[in-house]
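These notes are about the structure you will find just below.
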Number of protein chains: 2
Amino acid sequence: MNAESAAPARRRLSRAEAKARTRSLLLDAAARVFARKGFTGASVEEIAEAAGFSIGALYSNFGSKEALFLELLADRHTDRIAEAAQALERHPSGTGEAAAELSRLLIAVADKDTDFAPLQAEFWLYAVRNPEVLDTMAANQRAPRHALEQVISTSLTRHDAPADVSAEAVATVVAALFGGLVRQRRIDPASVPEELFGDALRWLFTGIRTGAAAPSDTDDTA
Amino acid sequence: MNAESAAPARRRLSRAEAKARTRSLLLDAAARVFARKGFTGASVEEIAEAAGFSIGALYSNFGSKEALFLELLADRHTDRIAEAAQALERHPSGTGEAAAELSRLLIAVADKDTDFAPLQAEFWLYAVRNPEVLDTMAANQRAPRHALEQVISTSLTRHDAPADVSAEAVATVVAALFGGLVRQRRIDPASVPEELFGDALRWLFTGIRTGAAAPSDTDDTA
DNA sequence: GTCTATACTTAGATAGAC
DNA sequence: GTCTATCTAAGTATAGAC
């Protein structure tokens with residue numbers, strides 16, 4: 001029932017360790033409460049209670065409610081896009097199995113990790129309303145987005161895609177589609193069946209291989 | 001400076017007309033303030049002031065802040081998806097010009113109508129957190145989504161797309177991609193250049209014509 | 001039908017006890 | 001390092017004047 005029995009093989013926690021643990025628990029609780037109530041709707045009292053601490057403990061670890069939120073925004077932005085990139089890497093052979101696994105990932109995120117999409121929406125809204133953190137958000141995207149871009153890049157070259165198709169553009173499209181479909185599934189699950197994301201990816205990559213974008217580049221001259 | 005000079009050829013407003021006008025102005029102001037501050041962050045005082053009225057006038061027209069928000073959610077949900085469908089209808093010939101016009105629409109929505117995406121996000125968050133309005137949101141989507149579906153359906157049959165590709169599925173993908181790219185452009189405009197949406201649509205429809213989704217349907221038997 | 005003044009509630013943040 | 005008590009500000013909603 002006490003803290004010592006919960007720790008696996010560790011002695012009593014040092015002061016620094018205890019504080020770090022409190023911080024971590026507060027951040028976890030904050031992610032849940034912010035996702036469910038929104039940034040302004042969430043109260044520091046509710047966050048502190050959800051973590052099992054008092055308001056005072058929260059303010060002893062974070063300067064303000066906003067600072068707590070910004071720490072989440074900067075640190076815990078582990079985009080599910082990174083997982084998508086890993087899923088693609090696991091299936092270098094054909095696009096069929098990769099597409100199926102990405103479909104499963106989308107369904108899992110939408111249906112199981114119910115706090116994910118609302119928290120992302122809160123981050124996005126905060127960034128749009130507070131332009132000073134726009135860079136932070138863009139920076140957070142960079143790593144997972146780059147991973148996705150790399151996987152897509154090798155896939156494009158292997159399938160002899162037209163040279164004018166940039167992996168960055170495709171990665172942006174895939175990520176946007178992922179986020180859009182996750183949201184739509186929360187509104188109307190029937191409209192986003194399990195295989196839809198995989199089907200869309202197959203359509204997309206087949207179309208890219210066929211070289212559909214090239215003709216548009218010469219439109220200006222006509 | 002007074003109300004009479006503003007009205008074109010109309011006499012003094014009747015009581016009912018004046019009240020309807022007040023309601024309309026309050027709804028307009030509410031849309032702006034909710035988009036900029038969020039549902040919980042917006043105060044009825046700020047909404048009333050933005051409309052040029054007092055708090056009392058607001059409560060004389062709406063039962064509560066929530067009722068005002070819900071009226072916006074139900075009535076002013078004129079999705080930009082409907083415009084996308086119209087843009088597609090204007091170019092029945094080839095996909096090239098239609099794709100270009102949809103690209104322009106996306107850029108216009110993202111860059112000019114800066115309140116649109118945040119307000120949609122607020123609606124979505126509210127619906128996710130208050131499941132009793134999920135049906136309302138789904139119902140709001142139906143009309144514009146159906147229009148988009150019809151345009152896509154005729155386009156699919158004209159181009160001899162595989163019969164197992166449903167227009168509903170494609171419409172969902174197009175709408176999700178639209179929303180996702182609009183949001184991404186607000187975070188990092190450079191990552192969503194003007195032609196990206198059009199390129200993605202060309203890839204998508206080329207891939208569909210090629211019949212890329214068919215093989216996945218027989219996976220179960222293998 | 002709209003405005004002014006106000007009652008009531010909640011939430012963010014701080015200070016001092018332990 | 002965390003908790004209890006409290007101060008202060010802000011916001012929803014109402015009641016009665018005009």
Side-chain angles (χ1 to χ4, degrees), chain A residues 1-4 6-7 10-30 32-34 36-72 122 126 130, chain B residues 1-4 6-7 10-30 32-34 36-72 122 126 130:
Chain A
M1 201 70 172
N2 55 9
E4 299 171 62
R10 182 180 290 179
R11 274 183 5 91
R12 202 186 319 263
L13 279 64
S14 74
R15 262 178 260 269
E17 285 169 331
K19 180 148 194 175
R21 177 178 156 281
T22 301
R23 273 181 65 92
S24 178
L25 288 171
L26 282 167
L27 283 167
D28 288 341
R32 284 196 304 276
V33 178
F34 281 137
R36 305 223 233 273
K37 301 291 186 70
F39 172 64
T40 40
S43 70
V44 291
E45 182 181 17
E46 190 175 0
I47 294 171
E49 268 177 20
F53 295 94
S54 66
I55 299 180
L58 190 151
Y59 278 99
S60 133
N61 281 279
F62 302 93
S64 67
K65 174 178 158 181
E66 194 173 19
L68 174 55
F69 183 78
L70 288 175
E71 192 137 335
L72 271 180
E122 289 293 332
Y126 189 91
N130 304 83
Chain B
M1 201 71 170
N2 55 11
E4 299 169 64
R10 181 180 291 179
R11 274 181 7 90
R12 202 187 316 267
L13 279 63
S14 75
R15 261 178 261 269
E17 285 168 331
K19 179 149 194 173
R21 178 178 156 281
T22 302
R23 274 182 65 91
S24 179
L25 288 172
L26 282 167
L27 283 167
D28 287 341
R32 284 196 304 274
V33 178
F34 281 137
R36 306 222 232 271
K37 302 291 186 71
F39 172 64
T40 40
S43 71
V44 292
E45 182 181 17
E46 188 174 1
I47 294 171
E49 268 177 21
F53 295 96
S54 66
I55 298 181
L58 189 153
Y59 277 100
S60 136
N61 281 279
F62 301 95
S64 67
K65 174 179 159 181
E66 192 173 19
L68 174 55
F69 183 78
L70 289 174
E71 193 139 331
L72 272 181
E122 288 293 332
Y126 189 92
N130 304 83

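Every chain is numbered from 1 and lettered A, B, ... according to where its sequence line falls, protein lines coming before strand lines.
- In terms of heavy atoms, A:L58 sits closest to A:V44 at CD1-O, 3.8 Å.
- Atom CG in B:N61 sits about 16 Å away from atom C1' in D:dT14, given to the nearest Å.
- For C:dT2, the OP1/OP2 oxygens have a side-chain nitrogen or oxygen of B:T22 closer than 4.0 Å.
- For residues 62-71 of chain A, proximity to DNA chain D is found at no residue, defined as any non-hydrogen atom under 4.0 angstrom from a strand atom.
- A:A42 comes within 4.0 angstrom of the backbone, heavy atoms only, and of no base.
- When distances run from any side-chain atom of B:A57 to the nucleotides C:dC3, D:dT2, C:dA13, the shortest one goes to C:dC3.
- The nearest whole Å value for the distance from the CD atom in B:E49 to the P atom in D:dT12 is 12 Å.
- Here the closest non-hydrogen pair linking B:A48 and B:L26 is CA-CD2, 4.2 Å.
- With D:dT2, C:dT14, D:dT12 as the choices, the nucleotide that has an atom nearest any side-chain atom of A:S60 turns out to be D:dT2.
- In this structure, B:K19 atom NZ and C:dT2 atom C1' are separated by 10 Å, rounded to whole Å.
- Counting all heavy atoms, side chain and backbone alike, A:F39 lies closest to A:E122 at N-OE1, 3.1 Å.
- Checking C:dA11, D:dT12, D:dC3 against the side-chain heavy atoms of B:V44 singles out D:dT12 as nearest.
- Residue B:S54 is in base contact, counting any heavy-atom pair closer than 4.0 Å across all strands shown.
- A donor-acceptor pair under 3.5 Å is absent between the side-chain atoms of A:S24 and the main chain of A:A20, judged by distance alone.
- Listed candidates were C:dT2, D:dT14, C:dG12. Nearest to the side chain of A:Y59 is C:dG12.
- Rounded to a whole Å, the CG atom of A:L58 is 12 Å from the P atom of C:dT14.
- Minimum heavy-atom separation, B:F34 to B:A42: CD2-CB, 3.6 Å.
- Between B:T40 and B:K65, the shortest heavy-atom contact is O-NZ, 3.3 Å.
- The distance from atom CZ of B:F34 to atom C1' of D:dG11 is 13 Å, rounded to the nearest whole Å.
- Look at CD on A:E45: it is 17 Å from P on D:dC7, rounded to the nearest Å.
- Spacing between atom CG of B:L26 and atom P of C:dG1 amounts to 14 Å, rounded to whole angstrom units.
- In this structure, the CD1 atom of B:I55 is 13 Å from the C1' atom of C:dT2, given to the nearest Å.
- Side-chain contact check for A:K19 versus A:S60: some heavy-atom pair is nearer than 4.5 Å.
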